[in-house]
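Report on the structure given below.
Model, not experiment: these values are computed from the prediction. Labels below follow one simple rule: chain letters A, B, ... track the order of the sequence lines, proteins then strands, and each chain is numbered from 1.
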Amino acid sequence: MIKEIIHAHLLETLDKLGIFHEKEFSVEIPNMVEHGDYSTNCAMILAKENKKAPKALAEDLIKTLKKNKDYKKVEIAGPGFINFYLSAAFFQRIFWEIYKTGVNFSSSDSGKGEKILIEFISANPTGPLNIVNARAAAFGDTLYRVMNRVGYAPAREFYINDAGNQVDILAESLELRLRELHGENIGEFPYEAYHGEYVKHLAQKLNATEGVRVFMMTEKDRMEHLKEFALAEILEMQRNSLERFDVVFDGWVSEKTLRAEGVVEEVLSYLTEADCTFEKDDAIWFASTNFGDDKDRVLMKSDGSITYFVPDLAYHLTKIQRGFTTLIDIFGPDHHGYVPRIKAAFRALGYDEDMLEIIFLQQVNLFESGERVKMSKRAGKIVTMDDLISVVGKDAARYFFIARKANAHLNFDLELAMQQNNENPVYYCQYAHARICSIIKKAKKEKIWPKHFKKEFLSKLNKTEELAIIQKLSDLPELLTLIAIHREPHRLTTYLEELSAMVHKYYARYKIVSPKSKDLSRARLMLLDTVKKTMVIVFDLMGISAPEKM
RNA sequence: GCGCCAGUAGCUCAGCAGGAUAGAGCAGCAGCCUUCUAAGCUGCGGGUCAGGGGUUCGAAUCCCUUCUGGCGUGCCA
């Protein structure tokens, strides 16, 4: 918010002085304190179009800028930067604005109500959710929460891939386990089948309620029955995992349902009408190479069944039909080969391919005692999302998952996440919050906590640390906007760690509650109370709890 | 082979979409609790931003190229 104020003031000044400003310039927080509280590259950027040297232009500007009392000092530095040093009174005024905004602080309408569909996880309903699914859950949900706060109209969806090949294999795996349970010798368990223990559990559960009845059905009925049973069970399992993770979806879209609604045929006919399909080797193909893909893709296999691509494309089209203007898909690391074909389809059907935005999450490596934990889906040796939540807890898991940008590999140190000490950033931040709560409690006990905070108290806030905290608070609205625009929730953790560090340092250096100087105490309490509320906002965006006591 | 992603301190990672002398945390060393939570704070050391070219006032950031690692390259999903 301060950046905007300075930026606006610069524009005003430029106009007043008749300086051209076609090109965009920026206002930034410099890396070094010697470069002021804020700086602008304005003079350097605009030098050319005004046919003046950057420094000369800067001279002209600061003559006028200096008249503003909000700036303690304005100076030219380096190749033509203008550095601003802000007055304490200005920071106090900013803080008062933040304070007055209360719980709505940092929320905005910068998203202009744009309807954005965020699809994530969309795991096969063939087993428990895994670690990458958990990362997607944390990432997608946090992105959703931030977008929601800054004025977009986002929605979260989970696409249930419940009609494909994999589900058949699941049913077959279940049947084998069931036979095994009845003492049948099933020989070696097939390689491509699902080896996980959960299949055995499903077999036991089904056996307990239905016993041999299952085997009295016809082969076809039995497979259908097993499929339905397994799907319902696993879906329930996945939902439960997500619930433990505080991830709620606005919609669950079933592939099977979509197919039943006839969308598959529709998509095929659209593509045919667009004249970009052909027949070869008894299969129907999409000529995706005409639209940038590196090979053509099968739509309908030679056995008459449909590939994954078709209903998925149909699903994406329903998103557009439902009025979403940006479609975000969050994919695991093994799906990027899929992008060109779906983008090609968008192009073929005349949609803007840029409305489909795909974010790739790279893989997650678990480490325990410095050793990488090996996972193998085939062998059923996966550390599940549930395992992880049980071991490290929801807060740490969510935090660690969003602490890295999407397209970086994530090394998840299980021991670190479990530690309850300063090495663990989750606790570092939560502790800062708990500390503030403790101070507030003490202030109330000592009757220093005022009935109402007054603007007058604020003149007491002039320590470097206090002004820095105010500045940090004031960064949040812009940060959230940027996080939403660039889809980078990881920046929340950086922010929170910085803010927490400021709190701990401030705490260590200054006495907050002091009966001898009540107004000063109150000013500081007012600051910390606002920090606390801000932390709660950020914790909530991350889906992490803000404990009052630790 | 081709495509996508990554390479920043011993380790894990930021780096505000081109800004000034590249930052945290951890690990290492030295200090701080009769005082609001020591799950904390203070100080010290640590870098060829993988290598090389280019673009410009200015590059970790953009372009080209080489190297290294991960993933993809099914009529699987």
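A:H335 comes within 4.0 angstrom of a nucleotide base, judged by non-hydrogen atoms across all strands. Residue contacts for A:F309: at a heavy-atom cut-off of 4.0 Å it reaches no nucleic acid atom on any strand shown. No engagement by A:R524 is indicated, since no non-hydrogen atom pair under 4.0 Å with the nucleic acid exists. No contact: A:E255 has no heavy atom under 4.0 Å from any strand. When heavy atoms are screened at a 4.0 angstrom cut-off, A:E498 is found touching no nucleic acid atom at all. Looking at heavy-atom distances under 4.0 Å, A:K3 makes contact with a base. Base engagement by A:H35 is indicated by at least one non-hydrogen atom pair under 4.0 Å involving a base atom. The residue A:T493 sits apart from the nucleic acid: no heavy atom pair falls under 4.0 Å. Among the atoms of the strands shown, none is found under 4.0 Å from any heavy atom of A:K441.
The phosphate of B:A39 (OP1 or OP2) has no side-chain N or O of A:Y427 nearer than 4.0 angstrom. Between B:A38 and A:Y507, a contact under 4.0 Å exists linking OP1 or OP2 to a side-chain N or O. For the OP1/OP2 pair of B:A14 and a distance below 4.0 Å, the side-chain nitrogens and oxygens of A:R404 include no atom meeting the criterion. Note on A:K405: a side-chain N or O is less than 4.0 Å away from OP1 or OP2 of B:G15. Taking side-chain N and O atoms only, A:N411 has a distance below 4.0 Å to OP1 or OP2 of B:C13.
Where stacking is scored as ring centres under 5.5 Å apart with planes under 30°, A:F81 does not register as stacked on the base of B:G19.
By the 6.0 Å and 45° rule, A:R347 does not stack over the aromatic ring of A:F291.
Checked options A:M147, A:K319, A:E357; the residue passing with A:T326 is A:E357 (criterion: side chain to side chain contact (heavy atoms under 4.5 Å, CB included)).
With hydrogens and angles left out, the side chain of A:N83 and the base of B:A20 share a donor-acceptor pair within 3.5 Å. Counting distance only, with no hydrogens placed and no angle test, the side-chain atoms of A:H336 and the base atoms of B:C71 include a donor-acceptor pair under 3.5 Å.
Across all strands shown, B:U12 is found opposite B:A24 as a Watson-Crick or G-U wobble partner, with both distances under 3.5 Å. Base pairing annotation: B:A6 forms a Watson-Crick or G-U wobble pair with B:U68, both donor-acceptor distances under 3.5 Å.
In this structure, A:K405 does not pair ionically with A:E488, as no charged nitrogen and carboxylate oxygen lie closer than 4.0 Å.
In this structure, A:S514 and A:P79 both approach RNA chain B, and ranking their closest nucleotides by distance from the 5' end singles out A:P79.
The aromatic ring centres of A:Y38 and A:F84 sit 6.0 Å or more apart. Not less than 6.0 angstrom separates the ring centroid of A:F360 from the ring centroid of A:H335.
The CD1-P distance, from A:I358 to B:C71, rounds to 20 Å in whole Å. In this entry the distance linking NE2 of A:H490 with P of B:A14 reads 6 Å, nearest Å.
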